[in-house]
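These numbers come from a predicted model, not from an experiment. All chains are named by letter (A, B, ...) in the order of the sequence lines, taking the proteins before the strands, and each is independently numbered beginning at 1.
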2 protein chains.
Amino acid sequence: MYERKTPVTVDCGLHLFMEVMNGKWKINLVWCVYNGIKRPGELQRKIPNATRRVLEGQLKQLVNHGILSKKNYDVKPLKVEYNLTELGESLIPIIKSTAKWGEENREKLEKLIVE
Amino acid sequence: MYERKTPVTVDCGLHLFMEVMNGKWKINLVWCVYNGIKRPGELQRKIPNATRRVLEGQLKQLVNHGILSKKNYDVKPLKVEYNLTELGESLIPIIKSTAKWGEENREKLEKLIVE
DNA sequence: TATAATACGGACAAATTTATCCGTACTTGA
DNA sequence: TCAAGTACGGATAAATTTGTCCGTATTATA
């Protein structure tokens with residue numbers, strides 16, 4: 001595991017949000033879980049551009065940050081399932097309204113973001 | 001300038017939002033400008049933990065992404081001022097509600113984010 | 001008995017972001 | 001004229017995130 005060298009600062013609430021949601025695939029993961037796609041294998045197939053290794057890392061962070069919970073079923077073959085925690089659920093309206101802003105301004109933004 | 005090697009993908013609206021707001025100091029910058037702190041020097045003094053060089057870069061991105069506008073006054077000594085664009089203004093309620101979520105859950109989150 | 005599916009992790013490389021160190025040009029005030 | 005203020009930018013180092021390549025173990029199926 002990578003060890004931070006500079007401490008995280010979270011002066012304002014938006015920093016807290018960013019801290020939790022930053023990560024190339026976290027939005028997709030939260031959204032998938034919210035829509036019932038909960039198992040590691042399913043998630044990997046649903047987000048094929050991300051490698052398993054990275055998804056694993058981001059899932060672990062989401063769990064550590066209290067957004068998702070992880071359940072290990074005691075069956076063979078192995079079964080694992082992620083679910084939104086209460087905190088994770090509380091994020092859904094935020095995600096929705098933020099996504100709405102993005103969609104409303106997509107045309108404008110896409111042109112500008114090209115780079 | 002750094003040149004991207006992999007294209008940016010913005011499948012959903014939240015990606016658009018993240019693309020625009022990602023950057024260690026962008027939130028602070030937008031918030032400062034919104035609160036009337038608009039000149040480069042002022043901004044640097046207001047956010048002393050960031051180096052000038054980085055603030056400059058992030059300001060430039062915010063301008064490129066259509067969130068801020070930059071005005072060069074034709075006076076000596078030089079005077080420059082940043083302002084929110086219409087698109088930038090439309091971001092304010094989003095930022096507020098997102099920050100609210102963060103503050104409401106600050107206690108919980110701070111414990112979890114420690115790392 | 002091989003093949004594919006379930007799930008996980010170490011070590012390291014590549015990409016990206018942030019920070020540091022240098023320098024420019026002009027103007028004001030001591 | 002010298003120090004400090006305004007503002008900006010190149011080159012490179014350090015920190016961080018993302019991706020690649022290797023490997024583990026177990027079980028079901030052909």
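Using a 4.0 Å cut-off between charged nitrogen and carboxylate oxygen, A:E103 and A:R106 count as a salt-bridge pair. Here B:E42 does not pair with B:K46 in a salt bridge; the nearest charged N to carboxylate O distance is not below 4.0 Å. In this structure, B:R52 pairs ionically with B:E56, as a charged nitrogen and a carboxylate oxygen lie closer than 4.0 Å.
For A:T6, a side-chain nitrogen or oxygen approaches OP1 or OP2 of D:dT16 to under 4.0 Å. For the pair A:Q44 and C:dT6, the criterion of a side-chain N or O lying under 4.0 Å from OP1 or OP2 is not met. The side chain of A:R39 places an N or O atom within less than 4.0 Å of a non-bridging phosphate oxygen (OP1 or OP2) of C:dA7. One finds no side-chain N or O of A:Q58 lying less than 4.0 angstrom from the OP1 or OP2 phosphate oxygen of D:dT17. Contact annotation: B:K24 does not reach the phosphate of C:dT18 (side-chain N/O to OP1 or OP2, under 4.0 Å).
Side-chain N/O atoms of A:R52 and base N/O atoms of D:dG19 include no donor-acceptor pair closer than 3.5 Å.
A:K79 forms a cation-pi arrangement with A:Y73, by the criterion of a distance under 6.0 Å to the ring centre and an angle within 45° of the ring axis.
With hydrogens and angles ignored, the 3.5 Å screen pairs a side-chain donor or acceptor of A:T85 with a backbone N or O of A:G66. Here the side chain of A:Q58 pairs a donor or acceptor atom with the backbone of A:K26 at under 3.5 angstrom.
Proximity note for B:Y82 (side chain, C-beta onward) versus D:dT16, D:dC8, C:dT20: the nearest is D:dC8. Residue A:L78 has its side chain nearest to C:dT6 when only D:dT16, C:dT6, D:dG19 are considered. Of the listed nucleotides (D:dG19, D:dT16, D:dA28), D:dA28 has the atom at the smallest distance from the side chain of A:P77.
Counting any heavy atom pair closer than 4.0 Å across all strands shown, A:G57 reaches no nucleic acid atom. Using a 4.0 Å heavy-atom cutoff across all strands shown, B:K26 reaches no nucleic acid atom at all. Within the 4.0 angstrom heavy-atom criterion, no nucleotide atom of any strand lies near A:E81.
Taking atom CZ of B:R53 as the reference point, atom C1' of C:dT24 lies 12 Å away to the nearest angstrom. Put simply, CG on A:N72 is 16 Å from P on D:dT26, counting in whole angstrom units. Atom CG of B:N22 and atom C1' of C:dT16 are 12 Å apart (whole Å). Distance, B:K60 NZ to D:dG9 C1': 8 Å, rounded to whole Å. When the C1' atom of C:dC8 is taken as reference, atom NZ of A:K70 falls 8 Å away, rounded to whole Å. Going from atom NZ of A:K76 over to atom C1' of C:dT6 covers 11 Å, rounded to whole Å. Whole-Å rounding puts the A:E56 CD to D:dT18 P distance at 15 Å. Between the P atom of C:dA7 and the CZ atom of A:R45 lies a distance of 8 Å, rounded to the nearest Å.
DNA chain C is contacted by both B:A50 and A:V80; A:V80 maps to the nucleotide lying nearer its 5′ end (nearest heavy atom per residue).
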